[in-house]
Amino acid sequence: MASAFPEIYLVRHGETEWSASGKHTGRTDIPLTPAGEEAARKLADRLQGHSFVAVWSSPSQRAFNTCLLAGFGEGALKKDDLAEWDYGAYEGLTTKEILAQQHGWRLFRDGCPGGEQASDAGARADRIVSQLREIEDNVLVFSSAHFLRVLTARWLGLPPEDGACFVLDTASISVLGYEHDLSEPVVRRWNER
């Protein structure tokens, strides 16, 4: 169902070697796998017929190359605030490996030593949400899972820690928008593959 109000399309990047293996990939800039590239190309068909006044991407190659392969690279703007969560000492580790070191650890609750806390990612998300609301038109955003989850929580006015309630697959499309007016932000669609 089309909306009379602006919609924000969120696209998680295609598969990387680390996303496939469950390693936390924050600031390590690794490429898409061949399967990730193919999924990114297929996004073009899935996004066909939608128009956007702006296309924004995380500066990571996994996000920006997903944007390029989906056919939205021309005019796309890289925004540092769209970078994935900084995992600090947990960069490149799986959740299982982190739990072996830090029993009971939860990213959205505990954050990462030497990296970001949920409030840090939330502050970046707040800046993006503010810019999106100023545009008042459709925008396409390419980024990574944990940051997009925080962005969604902040879009809804929830604390950044509530991003834990949303899960995103690679090359998924989600849509944020409004219900009755611009004072009612909602999730219109989520994690479509």
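All values below come from the heavy atoms of this structure, side chains included, with hydrogens, waters and symmetry mates left out. Bear in mind that the values here come from a model prediction, so they are computed numbers and not experimental data.
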A.B. asks: Just so I know, are the side chains of Val187 and Val175 near enough to count as touching, which here means a heavy-atom distance under 4.5 Å?
C.D. replies: no
A.B. asks: Quick check for you: to the nearest 0.5 Å, what is the distance between Leu32 atom CG and Gln61 atom CD?
C.D. replies: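 Nearest 0.5 Å value for the CG-CD distance: 7.5 Å.
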A.B. asks: Give, for atom CZ of Phe147 and atom CG of Leu10, the distance between the pair rounded to the nearest 0.5 Å.
C.D. replies: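 Atom-to-atom, Phe147:CZ and Leu10:CG are 10.0 Å apart.
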A.B. asks: Please confirm whether the backbone N or O of Thr25 pairs with a side-chain atom of Glu91, one donor and one acceptor, at under 3.5 Å?
C.D. replies: no
A.B. asks: Whether the side chain of Ser172 engages the backbone of Asp169 through a donor-acceptor N/O pair (distance < 3.5 Å, no angle test) should be reported.
C.D. replies: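 Looks like yes, one N/O pair under 3.5 Å.
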A.B. asks: Considering non-hydrogen atoms only, spot the tightest contact between Pro159 and Ala153 and give its length.
C.D. replies: O-CB, 3.5 Å
A.B. asks: Which atom pair, heavy atoms only, marks the closest approach of Leu99 to Gly104?
C.D. replies: CD2-N, 3.7 Å
A.B. asks: State whether the side chain of Arg149 and the backbone N or O of Leu168 hold a donor-acceptor pair below 3.5 Å, judged by distance alone.
C.D. replies: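 It does not hold such a pair.
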A.B. asks: If I take atom SG from residue Cys67 and atom NZ from residue Lys78, how far apart are they, to the nearest 0.5 angstrom?
C.D. replies: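 Cys67 SG to Lys78 NZ: 9.5 Å, rounded to 0.5 Å.
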A.B. asks: Taking the six-membered ring where the residue is Trp, are the ring centres of His146 and Tyr87 under 6.0 Å apart?
C.D. replies: yes
A.B. asks: Evaluate the side-chain contact (heavy atoms from CB on, under 4.5 Å) criterion for residues Thr94 and His24: first the C-alpha distance (whole Å), next the side-chain angles of each, then the deciding distance (0.1 Å), finally the verdict.
C.D. replies: CA-CA 6 Å; Thr94 64; His24 285 80; 5.7 Å; no
A.B. asks: Are Asn191 and Ser174 linked by a side-chain donor-acceptor pair shorter than 3.5 Å?
C.D. replies: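 Short answer, no.
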A.B. asks: Hey, are the side chains of Tyr90 and Gln102 touching, using non-hydrogen atoms and a 4.5 Å cut-off?
C.D. replies: yes
A.B. asks: How long is the span from the OG atom in Ser183 to the OH atom in Tyr178, to the nearest 0.5 Å?
C.D. replies: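 So the OG of Ser183 and the OH of Tyr178 are separated by 9.5 Å.
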A.B. asks: Between Lys79 and Gln131, is there a side-chain heavy-atom distance shorter than 4.5 Å?
C.D. replies: yes
A.B. asks: Sequence neighbours excluded and cut-off under 3.5 Å, please list the side-chain donor-acceptor pairs for residues 134-145, or say none.
C.D. replies:
| residue | atom | partner | partner atom | Å |
| --- | --- | --- | --- | --- |
| Asn138 | OD1 | Glu7 | N | 2.8 |
| Asn138 | ND2 | Ser51 | O | 3.4 |
| Ser143 | OG | Leu82 | O | 2.5 |

A.B. asks: Under 4.5 Å between side-chain heavy atoms, counting indirect links through other Ile/Leu/Val/Met/Phe/Trp/Tyr residues: same cluster for Phe166 and Leu107 or not?
C.D. replies: no
A.B. asks: Looking at every non-hydrogen atom in both residues, tell me the closest pair between Ser58 and Ala63 and how far apart they are.
C.D. replies: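 Heavy atoms only, the tightest pair is CB-CB, 3.7 Å.
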A.B. asks: Any chance NZ of Lys42 has more than 12 other-residue heavy atoms, nucleotides or ligands included, within less than 6.0 Å?
C.D. replies: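 Open: at most 12 neighbouring heavy atoms sit under 6.0 Å from NZ of Lys42.
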A.B. asks: Any salt bridge linking Glu17 with Lys23? Criterion: basic side-chain nitrogen under 4.0 Å from a carboxylate oxygen.
C.D. replies: no
A.B. asks: Could you report the tightest heavy-atom contact between Arg12 and Ser19, atom names first, then the distance?
C.D. replies: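 Closest approach of Arg12 to Ser19, heavy atoms only: NH2-CB, 3.8 Å.
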A.B. asks: Any side-chain heavy-atom pair from Cys112 and Trp85 closer than 4.5 angstrom?
C.D. replies: yes
A.B. asks: Given Phe108 and Val150, is the side-chain contact (heavy atoms from CB on, under 4.5 Å) satisfied, shown in steps?
C.D. replies: CA-CA 9 Å; Phe108 288 89; Val150 171; 3.7 Å; yes
A.B. asks: If you measure only the distance, is there a donor-acceptor pair under 3.5 Å linking the side chains of Tyr9 and Arg189?
C.D. replies: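 Arg189 and Tyr9 do have a side-chain donor-acceptor pair below 3.5 Å.
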A.B. asks: Answer whether the closest heavy-atom distance between the side chains of Leu93 and Gln101 falls below 4.5 Å.
C.D. replies: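 They are in side-chain contact.
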A.B. asks: Is the NZ or CZ atom of Arg62 positioned over Trp18's six-membered ring, under 6.0 angstrom from the centre and within 45° of the axis?
C.D. replies: no
A.B. asks: What residues, two or more places apart in sequence or in another chain, satisfy side-chain contact (heavy atoms from CB on, under 4.5 Å) together with Asp126?
C.D. replies: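 With sequence neighbours excluded, Asp126 shows a side-chain contact (heavy atoms from CB on, under 4.5 Å) to Arg154, given in chain and number order.
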A.B. asks: Would you say Glu161's side chain and Arg109's backbone share a donor-acceptor pair under 3.5 angstrom?
C.D. replies: no
A.B. asks: Do you know the tightest heavy-atom contact between Trp56 and Ala54?
C.D. replies: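 Result for this residue pair: NE1-CB, 3.6 Å.
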A.B. asks: With heavy-atom distances below 4.5 Å as the criterion, would you say the side chains of Asp86 and Asp120 are in contact?
C.D. replies: no
A.B. asks: Applying the 4.5 Å side-chain criterion to the ILVMFWY set and letting contacts propagate, would Leu182 and Leu151 be lumped into a single cluster?
C.D. replies: yes
A.B. asks: Who are the side chain to side chain donor-acceptor pair (under 3.5 Å) partners of His180, not counting sequence neighbours?
C.D. replies: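 In terms of side chain to side chain donor-acceptor pair (under 3.5 Å), with neighbours along the sequence ignored, His180 is linked to Glu184.
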A.B. asks: Please walk me through it: do Glu84 and Ser60 pass side-chain contact (heavy atoms from CB on, under 4.5 Å)?
C.D. replies: CA-CA 8 Å; Glu84 178 59 301; Ser60 73; over 6 Å; no
A.B. asks: Enter the distance from Ile98:CD1 to His103:NE2 here, rounded to the nearest 0.5 Å.
C.D. replies: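 NE2 of His103 is found 14.5 Å from CD1 of Ile98.
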A.B. asks: Applying side-chain contact (heavy atoms from CB on, under 4.5 Å), run through Trp155 and Val186 and close with a yes or a no.
C.D. replies: CA-CA 8 Å; Trp155 176 265; Val186 296; 6.0 Å; no
A.B. asks: Does Arg46 reach the main-chain N or O of Glu192 with its side chain, forming a donor-acceptor pair under 3.5 Å?
C.D. replies: yes
A.B. asks: Mind checking the CG-CD1 spacing from Leu132 to Ile8? Nearest 0.5 Å is all I need.
C.D. replies: 4.5 Å
A.B. asks: Could you state whether Leu148 and Val167 fall into the same hydrophobic cluster, counting links through intermediate Ile, Leu, Val, Met, Phe, Trp or Tyr residues with side-chain heavy atoms under 4.5 angstrom apart?
C.D. replies: no
A.B. asks: What I want to check is whether the side chains of Thr170 and Glu15 have a donor and an acceptor closer together than 3.5 Å.
C.D. replies: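 Side chains of Thr170 and Glu15: no pair found under 3.5 Å.
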A.B. asks: Would you say the side chain of Thr33 lies within less than 4.5 Å of the side chain of Glu38, judging by non-hydrogen atoms?
C.D. replies: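 No, every pair of side-chain atoms sits at 4.5 Å or beyond.
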A.B. asks: Among the clusters formed by ILVMFWY side chains lying less than 4.5 Å apart, do Val55 and Leu43 turn up in the same one?
C.D. replies: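 Same cluster.
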A.B. asks: Can you confirm whether Pro6 sits close enough to Arg133 that some side-chain heavy atom of one is under 4.5 Å from a side-chain heavy atom of the other?
C.D. replies: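 Of all side-chain heavy-atom pairs linking Arg133 with Pro6, none is under 4.5 Å.
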A.B. asks: Consider only side-chain heavy atoms of I, L, V, M, F, W and Y, link residues closer than 4.5 Å, and tell whether Leu158 and Leu176 are in one cluster.
C.D. replies: yes
